[in-house]
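Below, each value reflects all heavy atoms present in this structure, side chains not excepted, and no hydrogens, waters or symmetry copies. Counting begins at 1 with the first residue of the sequence.
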Amino acid sequence: MSQELRSQKQYGALALLPLIIFLVLYIGVGLYFTAIGAKDPFSRLPRHVAIFIAIVIAWVCYDRKTSVAKKIKIFTENAGSSGIAELGLILLLAGGFASAASAMGGQEAMVNMGLSVIPPSLLIPGIFVMSAFVATSLGTSTGTQAAFIPIGVAVAQSADLNVAAAAAAVIAGAYFGDNLSIISDTTIAATTGVGAKMKDKFRANFLIALPAAVITFIIYAIVGGTGHIDKDLSYNFIDLLPYLFVLAAAILGMNVMLVLISGILLTGVIGVARGNIGIFEWTTKIGEGMEGTFMIFLIAFLISGLVALIRYYGGIDWIIETMKKRAKGPKSAEYAMSFLSGFLSAALVHNVVAIIISAPIAKEIGQMYKIAPKRMASLLDIFAASALMVLPHDSGMLMAEQFGHVTYLEVLKYSFYPIILVICTIISIHVGMFRKKETI
């Protein structure tokens, strides 16, 4: 949709009402069913259903002189834009790769390889590093936590170490790696949303997240204690090759779709050749992985169309004008887009959706203040992840409570990384990291 195309009646802040209704419906219903102890409370009103209710309101309750058919066309033109199509393709390939690589034994090999090189004196910080490496390779914080929290907790229990610290280390490492992974859905959403290159976003994130990770490692080394591992850690290095290839090829700048297609083919060649998986089991797992990421694509499709309608009615212009009045320059603009992403991530308990909503707003503000796309993508991703790491009902915390039999507050006590990461990011905003080179 051309940015010049606007409704004759500009609604200002009122144009944001459909988005607010979506948030209130989804969060409100979820919290209600949580309060009464229902199972899977946030699935009672699925996220995509709540979004569609908001879309229908945007179609029928605004600018009644304009036909609904025209509003639907505005929605579909933006929801089906090339950027969203690209996002969908990458998500499908990333899901297919992750599922196929796990099925052929790569995920177990990755975990065992990491645990086999961790010195007993550094088990807790080693778990943090291993979780980070696995998440960077897998491209999923949730998948890493699901694979690694039971192991990390079991290792801590058998080695007589602090279980809450081990769980917190897994969660921290999972989000650190997910932030840096080029096949992560958050990275894909952030880079395509603001028009950044994945390798540039990786480097921008790395320069902020690495100091935070080093400080976190040192703290865990001090408070972690010494233990031992009794688990069988045998693995075959060949099973690691798909992950190592994808990581290296992406950093070297190979097209991400070609990287993922090549990685998927490599999982099949290695898995079938070693007898770990049959060819049709392999194709089935690819399909299951694609199905797993399709819902994210659907949400991105719906949100993009809704944001286009909000822009048509003047809502995005109102946000930008409001921020312009408050913003004194690039520094305050970076703060604004960062906290917007963090707030939405905490509200929705979903960093990908938060980034999808925030990205078009951040892009317009960023262009106004000449903020580099890689910088925008990095800030959106960091703050969206940091918010989730401290939520009591995020998947990582719930798994820590389930497998470690520890409370939320016990895990939070050792959740050093999100706090340090936010501090490092705020320092980078304050000193103008990346700003001078990009705005000359």
Side-chain angles (χ1 to χ4, degrees), residues 82-84 86-87 89-91 93-94 97 132-133 135-137 139-141 175-213 244-260 262-263 300 330-331 333-338 340-341 351-352 354-356 358-386 421 424-440:
S82 61
I84 295 300
E86 181 183 2
L87 170 65
L89 286 173
I90 296 173
L91 284 172
L93 290 171
F97 170 76
F133 182 71
T136 305
S137 304
T140 166
S141 56
Y175 278 106
F176 170 80
D178 184 60
N179 261 191
L180 296 180
S181 176
I182 60 93
I183 61 171
S184 165
D185 46 12
T186 55
T187 296
I188 294 166
T191 52
T192 55
V194 300
K197 294 181 179 178
M198 291 191 182
K199 64 177 182 178
D200 292 338
K201 185 263 186 186
F202 171 88
R203 292 165 184 163
N205 250 43
F206 187 76
L207 292 175
I208 298 171
L210 181 62
L244 299 179
F245 166 78
V246 165
L247 187 62
I251 292 173
L252 292 173
M254 183 176 176
N255 179 276
V256 68
M257 290 195 196
L258 293 179
V259 169
L260 291 170
S262 302
K331 184 186 297 184
E334 289 184 358
Y335 276 120
M337 64 180 69
S338 299
L340 174 64
S341 178
N351 48 354
V352 182
I355 291 170
I356 290 170
S358 305
I361 300 171
K363 185 176 182 180
E364 294 198 32
I365 297 171
Q367 289 173 341
M368 186 182 306
Y369 288 101
K370 298 182 180 179
I371 299 171
K374 64 182 179 183
R375 176 65 168 167
M376 290 187 277
S378 178
L379 292 174
L380 293 177
D381 203 348
I382 285 173
F383 273 79
S386 298
L421 178 61
C424 288
T425 310
I426 289 174
I427 291 172
S428 78
I429 293 174
H430 188 71
V431 301
M433 183 178 283
F434 302 114
R435 202 172 296 143
K436 291 182 180 179
K437 291 182 180 180
E438 298 291 340
T439 55
I440 292 176

*Hey, could you give me the CG/OG distance between N205 and S181, rounded to the nearest 0.5 Å?*
11.0 Å
*Looking only at non-hydrogen atoms, find the nearest pair between L180 and F202 and report the distance.*
O-CD1, 3.0 Å
_Approximate separation, where rounding is to 0.5 Å, of S358 OG and M376 CE_ = 12.5 Å
*Looking only at non-hydrogen atoms, find the nearest pair between F383 and S338 and report the distance.*
CB-O, 3.2 Å
*Kindly compute the distance separating CE (M198) from OG1 (T192), expressed to the nearest 0.5 Å.*
6.5 Å
*side chain to side chain contact (heavy atoms under 4.5 Å, CB included) with A359: which residues, sequence neighbours excluded?*
V194, L380
*Drop me the distance from I188's CD1 to L93's CG, to the nearest 0.5 angstrom.*
9.0 Å
*What are the two closest heavy atoms between S262 and F245, and how far apart are they?*
CB-CE2, 3.4 Å
*Under 4.5 Å between any side-chain heavy atoms of I426 and Y335, yes or no?*
yes
*What's the spacing between D381 CG and T186 OG1 if we round to 0.5 Å?*
4.0 Å
*Ignoring hydrogens and geometry, is there a side-chain-to-backbone donor-acceptor pair from S341 to M337 under 3.5 Å?*
no
*Can you see which heavy atom on I382 is nearest to which on T425, and at what distance?*
CG2-OG1, 3.4 Å
*Any side-chain heavy-atom pair from N351 and D178 closer than 4.5 angstrom?*
yes
_Nearest non-hydrogen partners of Y175 and S141, listed with the distance_ = CE2-OG, 3.6 Å
*Answer yes or no: is there a side-chain heavy-atom contact under 4.5 Å between R203 and K374?*
no
*Spatial distance of atom OG (S428) from atom CG (L379) [nearest 0.5 Å]*: 6.0 Å
*With A212, which residues qualify under side chain to side chain contact (heavy atoms under 4.5 Å, CB included), at least two apart?*
Y417, I420, L421, C424
*Check whether any side-chain heavy atom of T191 lies under 4.5 Å from a side-chain heavy atom of K199, and answer yes or no.*
no
*Does S184 reach the main-chain N or O of N179 with its side chain, forming a donor-acceptor pair under 3.5 Å?*
no
_The criterion is ring-ring contact (aromatic ring centres under 6.0 Å, His included); which residues satisfy it with F97, sequence neighbours excluded?_
Y243
